[in-house]
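Small disclaimer: the values here were computed from a predicted structure and weren't measured. In the text below, chain A, chain B and the rest are named by the order of the sequence lines, each starting its count at 1.
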Number of protein chains: 2
Amino acid sequence: MAVATLTHDPLDGRQRVLNAAAERFVDQGYAATTLRQIAADAGIKAGSIYHHFPSKEALFAAVLEDGIRVMESAFEGAETHDRSADLLQAHVRAHLGALFEHGPFTAAHVTAFFTAPQVVREAIVPVRDRYERLWNTLLGQVLPELEPLRRPVARLLLFGAMNSTIEWFDPAGDLSLDELAQLITEHFLHGVRA
Amino acid sequence: MAVATLTHDPLDGRQRVLNAAAERFVDQGYAATTLRQIAADAGIKAGSIYHHFPSKEALFAAVLEDGIRVMESAFEGAETHDRSADLLQAHVRAHLGALFEHGPFTAAHVTAFFTAPQVVREAIVPVRDRYERLWNTLLGQVLPELEPLRRPVARLLLFGAMNSTIEWFDPAGDLSLDELAQLITEHFLHGVRA
DNA sequence: GTCTATAGGGAGATAGAC
DNA sequence: GTCTATCTCCCTATAGAC
């Protein structure tokens, strides 16, 4: 039965390599991470990685693409509320969930993206743009009174607030992810004196 | 006369190495930067770097220490205003000035700090703590009504807003640094609807 | 203070057996 | 799909001349 095979390892080799790579890239950055480390984490030898990915660069690009996919599906899953403030908070919660609850793929965009070789960064920019446009649209809905020209800056400030939490927020600490999402949303809308 | 010597190169070898290193580390991260690149930028050979610094790690630590020094002296230079909102804005402007107007040393803390070997990161933490305490004290003055328990999070959100500008702000663009400081301060205090 | 030369190690990538 | 073995390259760091 299928359950029996799960007692061995539920993930195929490619996925184990991808998971190990994401974790290493997030912790150490691109250049400091070696294929030998990734292979050891995945339980294989370095040369075997090339059966799944043509190069170290392609492996990192695959990690980043998966990260965007996690963010986009979280964003789409947040379309449940109707009050405008709650709609925003639901999406902030979704983005934070992608960062902290769905593996290191999304976090790679925050901590490791700028350590990647330029060719990898440039290849992933169009995919990131798509996600940013989702947020532009959302901000236009939630804050119709905000001048369109100020929307991009507002989005960048919100991204800065959400993504910088990766440096200090501990999901196992006193503050829950729900509370963090509420805090960031209210701060974004009304400032510290909220 | 002294001026005549300046027509050759006003910086001694050690300072040229330090400047070149800061720029490379900011752009490429720690591991991707080689001593050969730094030496070439500074106009010397790689082996000569060891006359000024005992190791690549020590060189990066020196860059980070200079970065903190720039931030601290900018912070101290901002103690000129008295209205509480202006006092905060003056310090935000000082921090942004340290990031964008005084070479790449401060920026290294934002873009390259997490690419450093753990031993370098740990060595620099006490120096960073000192700077963060300056901001805790300032926030206590400017926002006396803010619950003390919420101050650390407020500071982290403000740091996130200021430091994330390194990814998108262009000092040569339409928005000036003064305007950016005002925008971030008002957003921090009152939110987007300000 | 900078050079040349090089030691010693480890990186990404490839070839071919199983 | 994974292995072993290895190629080639380039890294940090050192030694000693000038």
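Aromatic ring orientation, A/His95 versus A/Tyr131: parallel (interplanar angle below 30°, classes split at 30° and 60°).
Near DNA chain C, meaning a heavy atom under 4.0 Å away, the residues from residues 48-60 of chain B are B/Ser48, B/His51, B/His52. Listed by residue number, A/Thr33, A/Thr34, A/Leu35, A/Arg36 are the residues of residues 19-37 of chain A with a heavy-atom contact under 4.0 Å to DNA chain C.
The side-chain hydrogen bond (donor to acceptor under 3.5 Å, both in side chains) analysis of residues 99-115 of chain B, with sequence neighbours excluded, yields the pairs B/Arg93-B/Glu101, B/His109-B/Arg128.
Side chain of A/Arg24 to main chain of A/Ile38: no donor-acceptor pair is present (N/O by atom type, distance under 3.5 Å, no hydrogens or angles). Of the possible polar contacts, none joining the B/Lys56 side chain to the B/Thr34 backbone as a donor-acceptor pair under 3.5 Å is found. Remark: side-chain polar atoms of A/Thr33 are paired, donor with acceptor, to backbone N or O of A/Gly29 under 3.5 angstrom. At least one donor-acceptor pair closer than 3.5 Å links the side chain of A/Thr137 to the backbone N or O of A/Arg133. A donor-acceptor pair under 3.5 Å is absent between the side-chain atoms of A/Lys45 and the main chain of A/Arg36, judged by distance alone.
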Each nucleotide N or O in nucleotides 15-18 of chain C that has a protein N or O under 3.5 Å away: list the pair and distance.
none

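Taking atom NZ of B/Lys45 as the reference point, atom C1' of D/dA13 lies 17 Å away to the nearest angstrom.
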Side chain to side chain donor-acceptor pair (under 3.5 Å), that's the test. Do B/Gln15 and B/Asn19 meet it? Break it down for me. CA-CA 6 Å; B/Gln15 191 61 47; B/Asn19 290 349; 3.1 Å; yes

Without placing hydrogens or testing angles, list every side-chain donor-acceptor pair under 3.5 Å for residues 140-156 of chain B, not counting sequence neighbours.
{"unit_1": "B/Glu145", "atom_1": "OE2", "unit_2": "A/Arg193", "atom_2": "NH1", "d": "2.6"}
{"unit_1": "B/Arg155", "atom_1": "NH1", "unit_2": "B/Asn136", "atom_2": "OD1", "d": "3.1"}

Anything under 3.5 Å between a donor and an acceptor, one on a side chain of residues 57-67 of chain B, the other on a protein residue two or more places apart or in another chain? List them.
{"unit_1": "B/Asp66", "atom_1": "OD1", "unit_2": "B/Arg69", "atom_2": "NH1", "d": "2.9"}

